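Given the structure is predicted, the values throughout are model-derived calculations rather than measurements. Residue numbers begin at 1 in each chain, while the letters A, B, ... track the order of the sequences.
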2 protein chains.
Amino acid sequence: MNTVHLVHESPVSPLRHTCADCASHDWCLPAGLGAKQAKLLDHLNVHTRFVGRGGSIYRSGTAFHSLYAIRSGFVKSTMTLDDGRERVTGLHMSGELIGMDAINTGQYMCDAVALEDSSVCAIPFGELECVTRDIPVLQRYLHRTMSREIAHDYGVMLLLGSMRAEERVAVFLVSLSKRYAARGYSATRINLLLKREEIGSYLGLKLETVSRVLSRFQENQLITVQHKDVEIKDLDRLNRMVGNHHNVHQRASRQPLRATLAAPAPVQPAMQYT
Amino acid sequence: MNTVHLVHESPVSPLRHTCADCASHDWCLPAGLGAKQAKLLDHLNVHTRFVGRGGSIYRSGTAFHSLYAIRSGFVKSTMTLDDGRERVTGLHMSGELIGMDAINTGQYMCDAVALEDSSVCAIPFGELECVTRDIPVLQRYLHRTMSREIAHDYGVMLLLGSMRAEERVAVFLVSLSKRYAARGYSATRINLLLKREEIGSYLGLKLETVSRVLSRFQENQLITVQHKDVEIKDLDRLNRMVGNHHNVHQRASRQPLRATLAAPAPVQPAMQYT
DNA sequence: CGCGCTGTTGACTTAACTCAATAGTAGTGG
DNA sequence: CCACTACTATTGAGTTAAGTCAACAGCGCG
């Protein structure tokens, strides 16, 4: 028994936490909650947990009780196939809500693992369902969050089903860039945090292909890359290589629609439905 | 101006429809609604629409107001990329709910098109949200339905990211077989309804590849195929070729998990969460 | 009947995979 | 501190599954 696991699995007892006076409130919860509604949030037994790099937030097959809001850090979710191979199905950053795939069956489908030291809030889903009944704006927020996940998945399906390796990696880099930028980090200096194999697993490519594409991007002055540190040199050109030039003979477009990997962002644009 | 469009777009004015006494009630709505709850359903302005083969249920980019429950028929959803290529992102049968990807942005991301004469119920989402506040079992049903969609999408991502052509087609056939069987149709005689190109689009393959794989399956006595009619001769073997034999050297599995395309089924297993 | 659409099949090309050798990095322990 | 091992990344050479291009066959429909 060595100390490694103590680092991975936070032994600290989880903190009882009220959303109403949480520092992350602004970007974690829907804006415009009144005082009365904010008070209803106190009924939620939200617990904050710190998870070290490599530590797991939940494991595939275990019973589902809570969604997890990521307060800080970077999390991957992975699924393990029958034959033992692991595939990365999602990458998640602060402000995102994970675990929604588990609502239906009552057990998590994925492993969620921190790729850097992270903190997450466990939100008991049963309680959340109750509270949303009394806070329509929160109810809508939940529905939109789930909807956004679905829409995002369609984007990934498009990527996996019809893009070539270079495009996939370009989309991946641009997506990371956007998401970091949205959180106030540099849009051009990004830390991959994932190994080549994990990137490949996420993009449906082999690790050698990922490595080669990154090298080629560097040759072409699109980026500089050293291990997990990437500096984007030409974001424009990187952006342009997404969606176009699959093959040469294309008919005119009918209803243009940009497929993005841009992930579940915390900020939600205004909308309405009847 | 010819008559084709009259066939495609049903000119019949939609029917006002109450869920409480709908013939499809049993498999469309959650079981166990009390009389009082059933009465609340009357507040929903559900309209039934008949859509001919080739007709569209909603179009990408138009404003989102309603989810659509499929009462009968077979529906594809497609997305059109910037460059004009179309990709099939979903296939839907009776009892399934479509349009959930639109909740977030307020406009549909996909085109939903009937592949055979179909009937659908338009459920105004704003009203649905209201009603679910008073009917917890319905609320949970909605959440589970969205969750099931997310989980299903993960399965598709696995398929597109890591399966070879033969496996993809096998998964496709097995999935159709299961879904038809669940609805009381034959599990072995299935009508594809899709052209080779559409199957390929759904599976991330070219139409020629789909055609070749089907021919090979026929050579190997797995199926007989003629145009869009497929008879499954060896469902067992078809099932076994899913998930295994990607390549030869595999480590032992850790947390087996079967990736399925088996779609959003109307029946929901019992579960609980705190 | 002839036209257009859909599907099949063959020959060839290619993007990505596989295998393998090597180099760089990080972590471990003496 | 450095040597040692693990792991991770890069790169090259050869292979292959799927894509591309093209010819043709079958079917349905006006």
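Counting heavy atoms of neighbouring residues, nucleotides and ligands inside a 6.0 Å radius, atom CD of B:Q218 exceeds 12 of them. Around atom OH of A:Y185, no more than 12 heavy atoms belonging to other residues, nucleotides or ligands sit under 6.0 Å away.
B:K206 places its NZ atom 13 Å from the C1' atom of C:dA15, with the value rounded to the nearest Å. Put simply, CZ on B:R168 is 7 Å from P on D:dA18, counting in whole angstrom units. With rounding to whole Å, B:R164 atom CZ is found 12 Å from C:dA16 atom C1'. The interatomic distance linking A:L203 (CG) with C:dA15 (C1') rounds to 16 Å, in whole Å. A straight line from CD of B:E166 to P of D:dT16 spans 16 Å, rounded to a whole angstrom.
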TODO: Summarise how protein sits on nucleotides 4-12 of chain C as a single string, 5' to 3': B when a protein heavy atom is under 4.0 Å from the base, S for sugar-phosphate-only contact, - for no contact.
DONE: --SSBBBB-
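Contact annotation for A:G200: no contact, since no heavy-atom pair falls under 4.0 Å across all strands.
In this structure, the separation between NE2 on A:H92 and OG1 on A:T89 is 6.0 Å, given to the nearest 0.5 Å.
Using modelled atom types, one side-chain atom of A:Y58 and one backbone atom of A:G99 make a donor-acceptor pair closer than 3.5 Å.
Nucleotide C:dG7 forms a Watson-Crick or G-U wobble pair with D:dC24, both donor-acceptor distances falling under 3.5 Å. In this structure C:dT22 sits in a base pair with D:dA9, meeting the Watson-Crick or G-U test at under 3.5 Å.
The aromatic rings of B:Y68 and B:Y108 sit tilted, their planes meeting at an angle between 30° and 60°.
Between A:E166 and the choices A:R237, A:R216, A:R240, the salt bridge (Lys or Arg N to Asp or Glu O under 4.0 Å) rule is met once, by A:R216.
Taking the O4'-C1'-N9-C4 or O4'-C1'-N1-C2 dihedral as appropriate, D:dA23 has a value more than 90° from 0 and is therefore anti.
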